[in-house]
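Single-structure report; data block below.
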Amino acid sequence: MLAGLWGLHRMTDIVHARDDQAILETASVAWAQHVAAEPGTGDRQNLPPRTDVGTLTLHWAVAIAFTISLFTGLRIAADAPNAVVSKWLSPILPQGEIWTWHFLTGLSLFFCASAYLLYMRRTGLDRRVALKKVRVFVLPAANKLRYGALNVVLHWALYGLVAIMTGTGVMLYLGHGGWWVFVHSTTAFISLGYIFIHVIAHYAYGGWWQVFRVFRPARLVITRAVQPRPLLIGTIIGLAVTGALAAVDWGTRDTLTVARVPTPPKLERLLDDPVWADVRPARIHTGQGINLGGTGESLVEVRAVHDGKKVYFAFRWEDPSRSVRRNPLIKQADGWHILSNNPYIDDVTTYYEDKFAVIFSPTAAFGSGGTSHFGDKPLADQPGSRNGRGLHYTDGHMVDMWQWKPSRGGLLGHVDDMYIGPPTEPTPEQASQIARYQGGYWGDPGNAYYVYNFMPLRPDEYHGGAVPIRSLPKDYVATNKAMGRWDPDPDSSVDDGSQWWMFENETVPYSAELDATIPVGTIIPGVLIIGEYSGDRADVRGSAHWSDGHWTLVTSRDLVTGSKYDQDFVVGRDLYMWVAVFDHTQTRHTRHPRPVRIVVHD
């Protein structure tokens with residue numbers, strides 16, 4: 001890329017050193033030479049144009065990589081709640097585990113750009129795209145020369161688009177979001193339009209033969225300007241530059257060291273326990289979420305130690321509000337209504353609890369260990385998700401997931417022990433969408449005794465009206481007091497210690513008689529806790545607290561559980577970690593594509 005910038009500067013100097021007539025003559029000769037033909041075939045001007053093999057090879061490499069990178073990126077962009085164009089294009093976009101394709105084709109574009117810049121330099125073909133030709137726009141010249149100059153502009157514009165997408169893509173890969181996402185996606189949409197403009201400009205310059213020249217190879221005419229083996233040298237240097245970039249990425253990835261301590265930390269003391277004072281955290285930038293003060297970003301700090309029996313993690317992440325109101329219900333004249341948006345397509349972004357998830361995978365594959373699959377139906381023979389955003393599953397390996405859910409036991413000392421594995425067969429309820437199908441993302445064996453306080457419905461059955469509910473509080477006044485003050489702003493914080501769930505012994509099954517005693521406007525929790533966590537699902541314990549715009553969560557679990565659904569923390573075995581922050585949203589969490597390596601020390 002630096003060589004290309006130097007070439008631009010040099011060409012600009014040449015432009016200013018020539019007078020207008022010389023520029024026109026040079027442009028005419030250069031554009032005639034732009035068409036390369038086999039030696040000895042006669043007058044080149046009377047033959048259909050051809051393209052030298054090196055340019056043709058790199059052109060198609062760029063075209064293929066560019067197309068795959070663009071369409072996989074559009075699939076990722078279609079996941080955004082405010083996406084318009086990419087959602088409209090969704091039926092023709094690829095589905096499944098597209099992170100790998102997106103990253104690899106992005107690297108391929110970087111390689112092609114590096115190789116082609118060197119190739120043009122070594123062949124002397126950089127005259128074809130000399131910026132001095134742009135001067136014909138302000139000179140009296142034939143239309144063909146003007147279209148030729150337009151193609152020069154488009155040539156360098158492509159390098160600019162690739163440079164912007166590469167730079168912003170690196171920032172997204174490092175976990176940043178916000179305006180980086182906007183610039184990256186906007187550039188991608190411009191690139192989509194570039195494809196059509198590029199073809200039209202070549203047609204305007206030389207008709208269909210000019211367009212089809214990329215299918216007609218020709219040998220490069222060897223002159224003194226051509227240095228030896230331009231394509232081979234360009235390819236080698238391009239691969240070396242790309243390989244160096246990948247090596248820097250691998251060598252600079254964060255590592256979380258899990259050291260042994262003589263005395264385990266007390267969970268309830270959070271980070272005030274002295275054990276954590278000398279533990280170096282891994283700091284992980286996460287982005288592309290929702291809410292979080294409008295940025296969609298959250299910086300997560302992770303610390304870890306073990307005492308030979310249990311492993312302890314301390315997580316601290318940015319979250320501007322304390323949110324634990326998960327799908328509350330409000331009584332209206334016609335019955336009980338869910339206050340949250342999108343409850344039956346599993347995509348709530350208003351009244352919902354904050355959550356935090358961490359996964360541990362034996363592989364560092366793209367897409368969070370190969371678990372993320374985009375599209376409304378990534379598995380052709382299985383149901384899609386009810387919100388059409390995709391599914392979590394793997395190709396066979398088991399990924400351990402811990403998910404902290406404050407209103408479903410998280411503030412009572414539980415962290416839900418879950419897993420992501422191969423896709424399962426749907427139940428009849430999941431196949432009909434009355435229950436959520438999640439691919440390979442499920443709870444470990446055992447129970448987490450929480451349920452919604454409203455009955456299940458299929459997405460097409462819910463129209464925002466009243467819903468049937470399971471239970472009513474025995475004493476709605478006492479329940480409202482435990483909930484604390486009500487603020488209708490979904491981004492507001494609820495009171496510390498407020499309880500936005502109901503225990504089984506605080507409720508009775510729904511009856512019209514009791515309902516008649518509760519006034520219109522009353523709000524009750526949307527979560528029922530009807531027992532205790534049990535089995536493998538209860539393996540992880542935790543303590544959490546929110547203050548000053550941050551949640552802190554400290555967890556513990558046995559180093560080795562013996563469960564096939566868990567990943568063990570043992571000396572000499574590498575694990576890879578990803579974290580996700582949910583700011584009062586059901587599924588639109590932050591992400592960071594780059595894994596964190598975990599190393600356990602004895």
Side-chain angles (χ1 to χ4, degrees), residues 1 54-80 83 85-117 119 154-155 157-173 180-181 183-199 202 211 214-215 234-235 238-239 241-243 245-246 249 288 364-380 389-391 395 591 593-594:
M1 297 299 285
T55 298
L56 187 147
T57 301
L58 292 171
H59 173 275
W60 282 112
V62 168
I64 293 170
F66 189 76
T67 301
I68 296 175
S69 178
L70 179 60
F71 277 78
T72 53
L74 288 172
R75 168 56 71 189
I76 297 171
D79 185 56
V85 177
S86 53
K87 272 190 170 60
W88 179 73
L89 293 171
S90 188
I92 65 170
L93 298 177
Q95 301 191 69
E97 200 287 281
I98 63 173
W99 282 109
T100 299
W101 287 101
H102 192 63
F103 284 120
L104 293 183
T105 52
L107 280 175
S108 298
L109 274 175
F110 186 81
F111 153 73
C112 291
S114 303
Y116 191 53
L117 282 170
Y119 174 78
L154 291 174
H155 175 89
L158 179 60
Y159 278 105
L161 292 173
V162 171
I164 294 172
M165 285 193 292
T166 300
T168 53
V170 168
M171 296 305 293
L172 299 184
Y173 178 65
W180 293 105
V181 177
V183 175
H184 190 75
S185 60
T186 301
T187 307
F189 287 122
I190 294 172
S191 300
L192 183 62
Y194 173 90
I195 296 174
F196 298 98
I197 297 172
H198 175 69
V199 173
H202 272 280
V211 175
V214 293
F215 298 98
T235 300
L239 288 173
V241 172
T242 307
L245 182 65
D249 168 48
Q288 302 180 66
F366 291 116
S368 299
T371 66
S372 299
H373 298 78
F374 285 83
D376 59 350
K377 199 173 176 60
L379 291 166
R389 299 184 58 216
L391 297 168
D395 59 2
R591 58 170 73 115
R594 207 177 190 213

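- Evaluation of the side chain to side chain donor-acceptor pair (under 3.5 Å) rule for Ser69 yields no partner, not counting sequence neighbours.
- For Phe196, there are no ring pair (Phe, Tyr, Trp, His ring centres under 6.0 Å) partners two or more places apart in sequence or in a different chain.
- Counting only residues at least two apart or on different chains, the side-chain hydrogen bond (donor to acceptor under 3.5 Å, both in side chains) pairs with a member in residues 184-195 are Thr168-His184.
- Thr242 pairs by the side-chain contact (heavy atoms from CB on, under 4.5 Å) definition with Leu107, Phe110, Phe111, not counting sequence neighbours.
- Contacts of Phe189 classified as ring pair (Phe, Tyr, Trp, His ring centres under 6.0 Å), with partners at least two apart in sequence or in another chain: none.
- At least one side-chain heavy atom of Ile195 sits under 4.5 Å from a side-chain heavy atom of Leu70.
- Every residue was checked against the side chain to side chain donor-acceptor pair (under 3.5 Å) condition with Thr166, not counting sequence neighbours, and none meets it.
- Residues passing the side-chain contact (heavy atoms from CB on, under 4.5 Å) test with Ala246: none are found, sequence neighbours excluded.
- Listed by chain and number, the residues in a side chain to side chain donor-acceptor pair (under 3.5 Å) with Asp395 are His397 (sequence neighbours excluded).
- Listed by chain and number, the residues in a side-chain contact (heavy atoms from CB on, under 4.5 Å) with His59 are His198, Val214 (sequence neighbours excluded).
- Taking the six-membered ring where tryptophan is involved, the planes of Trp99 and Phe103 are essentially parallel, since the angle between them stays under 30° and well short of 60°.
- Between Leu192 and Leu89 the shortest side-chain heavy-atom distance falls below 4.5 Å.
- Partners of Asp249 under the salt bridge (Lys or Arg N to Asp or Glu O under 4.0 Å) rule, at least two apart in sequence or in another chain, are Arg253, Arg594.
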Pairs of donor and acceptor atoms involving the side chains of residues 364-374, under 3.5 Å and at least two apart or interchain, shall be tabulated with distances.
| unit_1 | atom_1 | unit_2 | atom_2 | d |
| --- | --- | --- | --- | --- |
| Thr371 | OG1 | Gly367 | O | 3.4 |
| Thr371 | OG1 | Ser368 | O | 3.0 |
| His373 | ND1 | Thr371 | O | 3.2 |
| His373 | ND1 | Tyr393 | O | 3.4 |

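- Every residue two or more places apart in sequence or in another chain that forms a side-chain contact (heavy atoms from CB on, under 4.5 Å) with Ala80 is listed here: Asn82, Ala83.
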- Message: Please determine whether ring pair (Phe, Tyr, Trp, His ring centres under 6.0 Å) holds for the pair Tyr173 and Trp180, giving the CA-CA distance in whole Å, both sets of side-chain angles, and the decisive distance to 0.1 Å.
- Response: CA-CA 11 Å; Tyr173 178 65; Trp180 293 105; over 10 Å; no
